[in-house]
Amino acid sequence: MDMIRRETGDRCKFIYYHHGCPLWEVANDLAVKQCRAKMSGSWLKILEWHLLRKPKETLFGPMARRYKNLCRRVYASTDLYFVLCEEYRRRIERIVRASPADSKVRALTNPLAERPALELQKRKEVLYVGRLSYADKRVDRLLRIWRRVEADFPDWELKIVGDGSERANLERQAVKSRLQRVRFCGHSTCVEEHYATGAILCMTSSFEGWPLVLIEAQAWFRLRSRVPEVSVVSWAATAVRESWLRLSTKNNMPQSWSR
């Protein structure tokens with residue numbers, strides 16, 4: 001970028017769009033390393049995670065410092081720095097040490113395109129729509145919750161709409177847990193069809209940049225709601241990770257959510 005800046009001078013303006021929550025990379029890297037330690041089956045690696053790697057990041061924050069420095073370098077080399085909501089704008093300004101008066105940070109939310117309404121034919125379906133990835137989406141939690149309630153609701157079905165690197169692991173988890181009414185629908189170019197029949201829409205993410213699932217839920221599940229969508233999602237985008245961190249410290253997290 002610096003090379004392009006030198007060659008073009010002021011003729012070219014650079015705009016950077018930070019399409020995620022600030023420092024999401026730290027949470028992602030920690031989740032991936034924790035998963036690798038757990039999946040290794042090695043007590044040595046598990047102890048290393050709990051006694052060395054996790055405390056090191058908690059106490060000294062080497063990964064956080066690295067990503068903060070990267071954020072500052074990007075900010076210094078761009079003309080405008082876009083984020084997904086006002087709370088993220090304030091966070092980035094604190095990281096790059098910019099005052100609101102002369103800040104280059106702007107908030108630009110994800111839009112939800114207006115589409116023709118379908119006739120709602122609600123069925124007894126619990127629905128997940130989104131990418132199937134581990135560190136952020138954590139659909140494995142949803143399967144653990146479903147395992148606890150499936151037998152109590154024999155006429156309900158769990159539908160998972162989406163695809164991603166975690167799909168094979170989730171399918172193996174469903175088989176291992178002997179779940180009878182879980183359907184992996186794969187990628188869909190017309191998610192409205194699933195929203196039209198779903199009765200409950202789930203989000204089990206550890207962190208989100210701008211959770212469109214909440215706006216979509218409001219559009220398809222509470223059609224007469226008058227709560228401002230942007231306010232709801234702006235709050236949720238900042239609260240979802242903190243909420244999950246609080247819940248994950250409790251041993252009864254799956255029980256609480258299954259209730």
Side-chain angles (χ1 to χ4, degrees), residues 15-21 24-25 28 31-32 82-85 88 107-146 150 153 155-175 177 179-225 227-234 236-237 240-241:
I15 298 175
Y16 179 76
Y17 200 161
H18 191 139
H19 205 265
C21 58
W24 70 269
E25 301 95 337
N28 182 80
V32 169
F82 281 107
V83 293
L84 286 166
C85 64
Y88 291 174
L108 180 64
T109 63
N110 272 347
L112 182 65
E114 185 175 351
R115 298 181 181 180
L118 298 178
E119 181 180 353
L120 301 185
Q121 298 176 340
K122 294 299 181 183
R123 303 168 188 163
K124 293 183 177 181
E125 294 177 352
V126 177
L127 183 63
Y128 169 86
V129 178
R131 184 176 66 255
L132 304 184
S133 55
Y134 177 78
D136 50 355
K137 301 301 183 182
R138 293 303 305 270
V139 185
D140 61 298
R141 289 171 174 154
L142 182 56
L143 293 180
R144 287 161 53 200
I145 294 166
W146 184 250
E150 184 183 56
F153 300 92
D155 50 348
W156 282 75
E157 178 185 40
L158 173 61
K159 286 176 61 177
I160 298 177
V161 181
D163 212 338
S165 58
E166 190 66 9
R167 178 171 177 175
N169 290 334
L170 293 170
E171 289 176 336
R172 283 194 292 269
Q173 181 182 346
V175 172
S177 300
L179 301 177
Q180 302 297 314
R181 294 183 306 283
V182 175
R183 178 148 48 110
F184 289 87
C185 302
H187 175 72
S188 175
T189 57
C190 188
V191 294
E192 293 86 354
E193 295 177 353
H194 300 285
Y195 287 137
T197 60
I200 299 174
L201 187 61
C202 297
M203 184 179 73
T204 52
S205 305
S206 287
F207 56 90
E208 285 282 352
W210 181 258
L212 280 173
V213 63
L214 297 181
I215 298 180
E216 292 166 345
Q218 191 169 29
W220 289 97
F221 293 82
R222 299 190 60 176
L223 296 177
R224 298 188 183 279
S225 172
V227 179
E229 290 87 346
V230 171
S231 299
V232 171
V233 180
S234 180
V240 63
R241 181 168 180 268

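- Pairing each heavy atom of Thr204 with each of Val139, the nearest pair is OG1-CA, 4.0 Å.
- In this structure Asp163 satisfies the side-chain hydrogen bond (donor to acceptor under 3.5 Å, both in side chains) test with no other residue, sequence neighbours excluded.
- The nearest pair of heavy atoms linking Leu142 to Cys202 is CD1-SG, 3.9 Å.
- Between the Thr197 side chain and the His194 main chain, a donor and an acceptor come within less than 3.5 Å of each other.
- Applying the salt bridge (Lys or Arg N to Asp or Glu O under 4.0 Å) rule to Glu150 yields no partners; only residues at least two apart in sequence or on another chain are considered.
- Here Arg131 pairs with Ser133, Asp136 under the side-chain hydrogen bond (donor to acceptor under 3.5 Å, both in side chains) rule; sequence neighbours left out.
- Not counting sequence neighbours, the partners of Arg167 by the side-chain hydrogen bond (donor to acceptor under 3.5 Å, both in side chains) test are Glu171.
- Shortest non-hydrogen contact noted between Thr109 and Leu84 is CG2-O, 3.3 Å.
- Considering Arg123, Arg183, Arg181 in turn, Arg183 is the only one that fulfils the side chain to side chain donor-acceptor pair (under 3.5 Å) rule with Glu157.
- Annotation for Ala31 and Tyr134: closest pair O-CE2, 3.6 Å, computed over non-hydrogen atoms.
- Atom-to-atom distance recorded for Met203:CE and Arg141:CZ is 11.0 Å, nearest 0.5 angstrom.
- Contact record, Ala135 with Asn28: CB-OD1, 3.0 Å, taken as the closest heavy-atom pair.
- Distance SG/Cys185 to NZ/Lys159: 5.0 Å, rounded to 0.5 Å.
- Looking at residues two or more places apart in sequence or on another chain, you find a side-chain hydrogen bond (donor to acceptor under 3.5 Å, both in side chains) between Glu166 and Asn169.
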If you apply the rule side-chain contact (heavy atoms from CB on, under 4.5 Å), what do you find for Trp156 with Ile200, and how did you get there?
CA-CA 11 Å; Trp156 282 75; Ile200 299 174; 4.0 Å; yes
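- Two residues are said to be in side-chain contact when any heavy atoms from C-beta on lie closer than 4.5 Å; Lys137 and Tyr128 meet this criterion.
- Listed by chain and number, the residues in a ring-ring contact (aromatic ring centres under 6.0 Å, His included) with His19 are Tyr17 (sequence neighbours excluded).
- Of the options Leu158, Val161, Leu170, a side chain to side chain contact (heavy atoms under 4.5 Å, CB included) to Phe184 is made by Leu170 and by none of the others.
- Within the 3.5 Å criterion, the main-chain N or O of Gly198 finds a donor-acceptor partner in the side chain of Lys122.
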